[in-house]
Every structure is written in C-alpha cells, then in structure tokens.
Chemist: 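One structure, pasted below without further comment.
Quick note on labels: first sequence line is chain A, next is B, and so on, each numbered from 1. Just so it is clear, the structure is predicted and the values come from calculations on it, not from any experiment.
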Number of protein chains: 2
Amino acid sequence: MRCNRLHVNGLPATSRRGILREWWHKVRGQTVAAERKGGVTISQVAKEAGVARSSVSRAYTRPDMLSPETVERIKAAASRLGYVPNHTARALSTGRYGNVALIVPDVANPFFPPMIRAAQVEADRSDFCVFLGNSDEDPQKEDQLLGRFSGQVEGIILASPRLSDERIAAHALLRPLVLINRDVKGIPKVLIDSGTGIAEATQHLADFGHRNIVYVSGPSTSWSNKQRRAAVRRASRKLGLELSFVSASVPSFEAGLQAVDAILAKGATAAIAFDDLTAQGILAGLGKRGVSVPGEFSVVGCDDALGPLTVPSLTTVSSRSIEAGKLAVSLLLEVLESRAVRDASYVLETHLIVRSTTGKAP
Amino acid sequence: MRCNRLHVNGLPATSRRGILREWWHKVRGQTVAAERKGGVTISQVAKEAGVARSSVSRAYTRPDMLSPETVERIKAAASRLGYVPNHTARALSTGRYGNVALIVPDVANPFFPPMIRAAQVEADRSDFCVFLGNSDEDPQKEDQLLGRFSGQVEGIILASPRLSDERIAAHALLRPLVLINRDVKGIPKVLIDSGTGIAEATQHLADFGHRNIVYVSGPSTSWSNKQRRAAVRRASRKLGLELSFVSASVPSFEAGLQAVDAILAKGATAAIAFDDLTAQGILAGLGKRGVSVPGEFSVVGCDDALGPLTVPSLTTVSSRSIEAGKLAVSLLLEVLESRAVRDASYVLETHLIVRSTTGKAP
DNA sequence: CTGTTAGCGCTTTCAA
DNA sequence: TTGAAAGCGCTAACAG
C-alpha cells in the first residue's frame, strides 16, 4: 500500500530517484508520499484518516475540541504519512510567525554572544525561533535588516542600535520592538546602566591617587557610550580629577591599540575604556611601549566581556548582558501577548569589578 | 545586583492608541490602513495604482514583463502606502523561503562568533536571512532545533554537531544540509583540519625537550576532538613522547580549570588542550597552584579564538573559522541552486601559532 | 464534536 | 503587456 500511489501516474522514475527512495525507507521508514517537494499536507492526512481538513488542523491546535478517538486516529494517520505541519502556511493564516529577530552590531564582539545565547534560550522556552542579524556597526545595514526581518517575525529586539531615533520609532510602528541599551521614548527597553559602575571606577582611581585620567570613548551613536562618557565626566568633576577624552570610534582591540599614543600624550596616569576589547588593546599597546600595568599606568574596561580570563586580569565594570538578553525576550513576548505597547524600561545597574589592572598612581 | 528600577508608563491602553496613531502620521505620513495587523497588501497597492494584483506582484518579481511606466506607477503607489512584500506569503506560494539556519553548540564559545558573523554576511549577500540555533552542546536540543527550523528554511548549516550520524543523515534527507567540522558520508561539508596544526604543536613541544605531554580532550561526540586526539597520538608516537589523556567533556574555561589536578598528576611538562577556552582555564589553574608558564609548564591551545589578546599570549593552532562559515554558506547556496547533492568536502588546513605559553622543558 | 466555507498575501498559469 | 482565476497549506468562523 505504501509505494503504489506514485507509480500509477505512469512516468518511469529515474534510477536515481529509486535509490534515494530506498534509502529513505531504511532511514525513516516513511511513505513515498513524503518524498514530494515540501511534504505531506493536511488534506492527505484528512483523506487517510477519513475526516475533514479542519479536524486535522484541530487535532494539532485544539485537540480538546475533538473526541479523543478522533485525535488518536488523525495522529496515527499523520505519523503513518510522515506529516509535519507547515509553519509557513500556519503563519500566513494566523498572522503569528513564531519567530523573533535579534539584531546586534557585531556578533563577534564578546559583549554580545552571551546576550545572544540568553535570548535564544529564552525564546526557545516559548517555542520561538530567533533570526540573528549582524549590522556590522552600520546604521544603513541595520535599517535594511530591520526591513528584511520584519515580514517574518512577531517582534524584533534591537541591541545597541546605531540607527537614528527616528528610524527606530518608524520601525517600532510596524512591529513590536524592544531595545537593549538604547533609550527611545515610547519604546520598551532594557538598559544596562553602566553609569553606576563607571562612577565607582572613577572613585576607585581617585582613591588610588590618580589625578589625571582619560576616557577612551566608543561609537558616537552608541547610547552606552554617551552614558559612560557622561558618568566619568560627572564623577571626575565631583572628585576634582582632570579628565580628557580620546576617541576609538569602533569598539575593538585594534582601536584600543591605536589609541595608546593619544592617551599617553594626555599625560594621564589611568584610562577608562569604553569596553573591554578597547581596554585590552590599550593594555597591549602599553605593553609594547614598555609601560607597566598597573605599576605605571592603570586601565579599567567595561562590560566584563572577558571575565577573569586574561592576565593581568582586567579591572572592569560588570555587564549583565545575559540578563539583558533574557529580559528583552521576555519583555517582547509579554508585549506580544498583551498586544499593547507597554512602555516599560528595565534598568540593570552595574558595579566595579576590581582585578589586576589598576593600582596606585605612580 | 542592586536595585532594578522597573518603570512602566501607565496610560490606559485606549488613549495610548489615539496618541500612537497621531504620531504615526507625523513620523511616516502614511495612511491609517497601514496600521492594521501586518501591513499593506498587494491588493491595496493594486487598487491605488489601478492595476491587477498580479501586476503588482510582477512589478517586484519580473519587472521586465511589464511596461516601464506601469512598473513606475506601481512602485510609486507602493511607496506611497508603505508596502512591503510579505515574505511568508511569498514563501507559501513559491516554496522558497529565503532563509537558512545555522546551528552551533554554543554561541558564547569564542570559536563560533566569527564563524557566525561570516556566515551571516555571506548569506546576506545573496539576500538570505539566517536563523541561529544554540544547542547548548546537547544532541537532543540539536535534533529539536533542526526540526523546528526545517519547516521554514531552504537549508541548514550544522556546525560542530553533537548529534549522531544517523540523525544527521535523516535530516539531510528533508532539507539540504551542510556540515562544519563533521564528516558524514554523502553530506557536503567544510572541515577545519586541525590535525596538521596539532602535529606541528607536538613537534614544537618535542623540540623544546618535552618528553611527557597530555592531551586534554573535548566533547566525546565532537569530530574535531577525535581528529585532534588522533593527531597528538600519531605525532607523539612518531616522536617517541609519552602521552596521556585527561578529559574535559565540555569545552570551557571552567572545565580547563578543573582538569589541572589531573594534568599535574600525570607528571607531564606540557599540555595540548582541545581548545583555547580549555587552555585558558588550565593556565588559570596552573597560576593558582603557583606553576609558572612557560617556565615550569607549557600549554598550547587550539582554534586561535582569543588571538594575541591574552597575557601571556597563548600558543595555539590557527582556526580558519571565518572561512569555514563563509564557505559553508556558499556551499549550501550552491547546493540549493543546482538542486543536486554535491558531495563536496572543503578541507582547511591549519598551522601552529607560536606565542608565549610554550618554552623549554624544565 | 465535526464538516463546510472562506480567506491569509502572494505567485502563476492561461487568456485576452 | 495585462487581467482573471486558481491555488500554496493552514486556520477560523459558522453551521449542523
């Protein structure tokens, strides 16, 4: 009974097909019908089980609406045919995709992977798949990704966007949107408040007798950067420290390395970097110039992206990126469920993690 | 964790809607119709442009079939309404999803992000979106993800799968599949041959006078682990080194840290670790026990996941994960295009990168 | 409880 | 070059 149906339409199958089919049977033990393009449809199952198509549908979505035996019979027929519900068709019909998108500026920046992972896990718990987008720190690209995704996802999470407030707001009207580390009015967000940690860092340096420090800033369109910059400024003023700025526009090891000359030229004895990657670059540059850390110079990073993994281990500000990823997803799902724009902000505070790259001023 | 401020703007939902709509007009100047569920449809554009729905469709998919003015008129109407083609509906109709999935064991393992990024970029070049899956090093989870994705993607890339050959083969029948760092007969794959690099590493240690070394192995289901293990074994035998094994079943900093006692107990003077994360953990553990590196003990990692970023910088084996990601995608797209299972294997060779964690045997 | 009947938004023959 | 119409596979009223 299994194999006959497809042969009836006459055309001799190529021998290649034959081989494939045999293998199929060995591996899965399913009927030939399943070999077709996409797969078995609801109609075939309906016919096989002798019920209406809607009943098959219900067997999967609202089994409680059917008699147990019917469900049983349908499921049996389905598995006999190797039926798998078509996600896409379902989405078209319900308007629910069961997908969310996550867009980050750079997957390879160690700040993001833990966040991505957390988001992925959380989405999975609610049976959502996640699209990942990498904007390469480019607003244009970000905009483009947003557009491409928005047709097939329930909602979007935008992490550390480099896009303008206006464009973000525009997209937020098309799809539920949740922001991470960006504050746009009316849009739900998760903010990692590195300000608190940065303030502690500044205090920490002052305690060690540093009087002249520099903040090595990150991307100009980054909310986090603005926030951190403001925090050092505020704290320095309060503590009477001399503060100057050096800019490393892209957060990377390279950028930090290249910033070292400028940093040293400022006559500072300590630097607070936009992030750990930059800090690590600075450390490398300092080493290359024979400046010892923390003996002659102190460095603090931000985001605790590398953990205690490096030597000397980096004094940094905790990041909470894992919680942020998880929260963003659950916030998004909540918004989706309530179908209302909850203008919520979760703020995660941070603190200084003292390790080995800071010490007494020389 | 200090205090998390949760601030929710508490306007009643109804009045918010009014405000939202007004804002909409300000920001985008679009019609209220666009506010509806998903967005503007082909029919609305058709009406606006005074043409048939099919023409609107053609304006996007086969503009050459239409007169230039008609296309123009349609595009104009479309942008006036803010029309965006519905990816899902299109997929249902054509059977082409325009998506690929990438499944990795652990996004947060620094080996993968560069690969993910490369894959993402390459897919993007051909206008494909990528689903990201994180299996958490769990075969079950991997299987599950495979199932969930397969209904909405063109093809799947499985990086360093922990799944059995049988299950992989089974999935390969349902969807085009490309493997990274796994060798299953009949399935196209990209292999990073760390064997060459590992052999060099062993030679390097022998040159430094080490006679007793240990290989700290990774996940038992990992193809790369088998390959590396075999490579050290082969090289050690050839060089007449004494070799023992310690197992760190999950590749992580933690696992490396915990393996140190066992390593020291073997009486070895050098260790080759499954990957850089593990190596870094070993380094930390050694430091904790006051064993100096490379003075008293040499360590070599694998995958060059951390670059020269750490201090002392890790002697390791190059990884080529970026090329692997890129290749895997282009291989997959090629398979999709030709609709034939090209049983291709790309093999990327590696080499030793000598940095600062290896030295003369004590 | 279950079947019938419309669609979801788009593509794709087939005619005109 | 364009339009009409028939689906893609599934869900969701609305009747029985």
Chemist: Can you check whether A:S57 has a side-chain N or O nearer than 4.0 Å to OP1 or OP2 of D:dC10?
Modeler: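 No, no such contact exists.
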Chemist: Counting only side-chain nitrogens and oxygens, does B:Y60 get under 4.0 Å of the OP1 or OP2 atom of C:dT12?
Modeler: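 No, outside the criterion.
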Chemist: Atom CG of A:L92 to atom P of D:dA12: distance rounded to whole Å?
Modeler: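 Taking CG of A:L92 and P of D:dA12, I get 12 Å after rounding.
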Chemist: Return the set of residues passing side-chain hydrogen bond (donor to acceptor under 3.5 Å, both in side chains) with B:R162 (not counting sequence neighbours), or none when no residue passes.
Modeler: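 For B:R162 the side-chain hydrogen bond (donor to acceptor under 3.5 Å, both in side chains) partners, ignoring immediate neighbours, are B:E137.
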Chemist: Nearest whole Å is fine: how far is D:dG9 C1' from A:Y83 OH?
Modeler: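 After rounding, the gap between these two atoms is 8 Å.
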Chemist: Which of residues 148-156 of chain A have a heavy atom under 4.0 Å from DNA chain D?
Modeler: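 Hits under 4.0 Å, by residue number: none.
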Chemist: Across the strands shown, which category fits A:V56 at heavy-atom distances under 4.0 angstrom: base, sugar-phosphate, nothing?
Modeler: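 The answer is nothing, as A:V56 stays clear of every strand by at least 4.0 Å.
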Chemist: In plain terms, say whether B:D143 and B:R167 are close enough for a salt bridge, that is, a side-chain N and a carboxylate O under 4.0 Å apart.
Modeler: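 A salt bridge links B:D143 with B:R167.
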Chemist: Nearest whole angstrom, please: distance from the C1' of C:dG9 to the CZ of B:R53.
Modeler: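 One finds 8 Å between C1' of C:dG9 and CZ of B:R53, rounded.
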Chemist: Under the rule for salt bridge (Lys or Arg N to Asp or Glu O under 4.0 Å), what residues qualify as partners of B:R58, not counting sequence neighbours?
Modeler: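 Counting only residues at least two positions away or on another chain, B:R58 forms no salt bridge (Lys or Arg N to Asp or Glu O under 4.0 Å).
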Chemist: Quick one: CD1 on A:I42 to OH on A:Y83, what's the gap to the nearest 0.5 Å?
Modeler: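 Spacing of CD1 (A:I42) from OH (A:Y83) equals 4.5 Å.
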Chemist: Please round to the nearest 0.5 Å and tell me the distance separating atom CD of A:Q120 and atom NZ of A:K326.
Modeler: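 The distance works out to 13.5 Å.
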Chemist: Sequence neighbours excluded, which residues qualify as ring-ring contact (aromatic ring centres under 6.0 Å, His included) partners of B:F128?
Modeler: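 Partners of B:F128 under the ring-ring contact (aromatic ring centres under 6.0 Å, His included) test: none.
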Chemist: About how many Å separate CD1 of A:I74 and CD of A:E48, when rounded to the nearest 0.5 Å?
Modeler: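 Output value for this atom pair is 12.0 Å.
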Chemist: Nearest whole Å is fine: how far is C:dT11 C1' from B:N86 CG?
Modeler: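 Computing the B:N86:CG to C:dT11:C1' distance gives 13 Å.
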Chemist: Could you tell me how far apart A:R90 (CZ) and D:dC8 (P) are, to the nearest whole angstrom?
Modeler: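 Atom CZ in A:R90 sits about 18 Å away from atom P in D:dC8.
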Chemist: Taking only side-chain N and O atoms of B:R62, does any of them lie within less than 4.0 angstrom of OP1 or OP2 on D:dT1?
Modeler: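 Result: no.
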Chemist: Look up atom CG in B:D165 and atom CG in B:L179, then write down how far apart they are to the nearest 0.5 Å.
Modeler: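 Separation between the atoms: 8.5 Å.
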Chemist: For DNA chain C, find the residues of residues 63-76 of chain B with a heavy-atom distance under 4.0 Å and give them by number; none if there aren't any.
Modeler: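 Per residue number, the list is empty: none.
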Chemist: Counting only side-chain nitrogens and oxygens, does B:Y97 get under 4.0 Å of the OP1 or OP2 atom of C:dC10?
Modeler: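 For C:dC10, OP1/OP2 do not have a side-chain N/O of B:Y97 under 4.0 Å.
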Chemist: Do B:K75 and B:Y60 form a cation-pi contact, if we require the NZ or CZ to be under 6.0 Å from the six-membered ring centre and within 45 degrees of the ring's axis?
Modeler: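 Ring-cation test returns yes.
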Chemist: Mind calculating the distance between NZ (A:K47) and C1' (C:dG3) to the nearest angstrom?
Modeler: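 Roughly 17 Å, once rounded to whole Å.
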Chemist: Give the angle between the helix axes at the two ends of the helix from C:dC1-D:dG16 to C:dA16-D:dT1, taking five base pairs at each end and rounding to 10°.
Modeler: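 For the helix from C:dC1-D:dG16 to C:dA16-D:dT1, the axes at opposite ends meet at about 30°.
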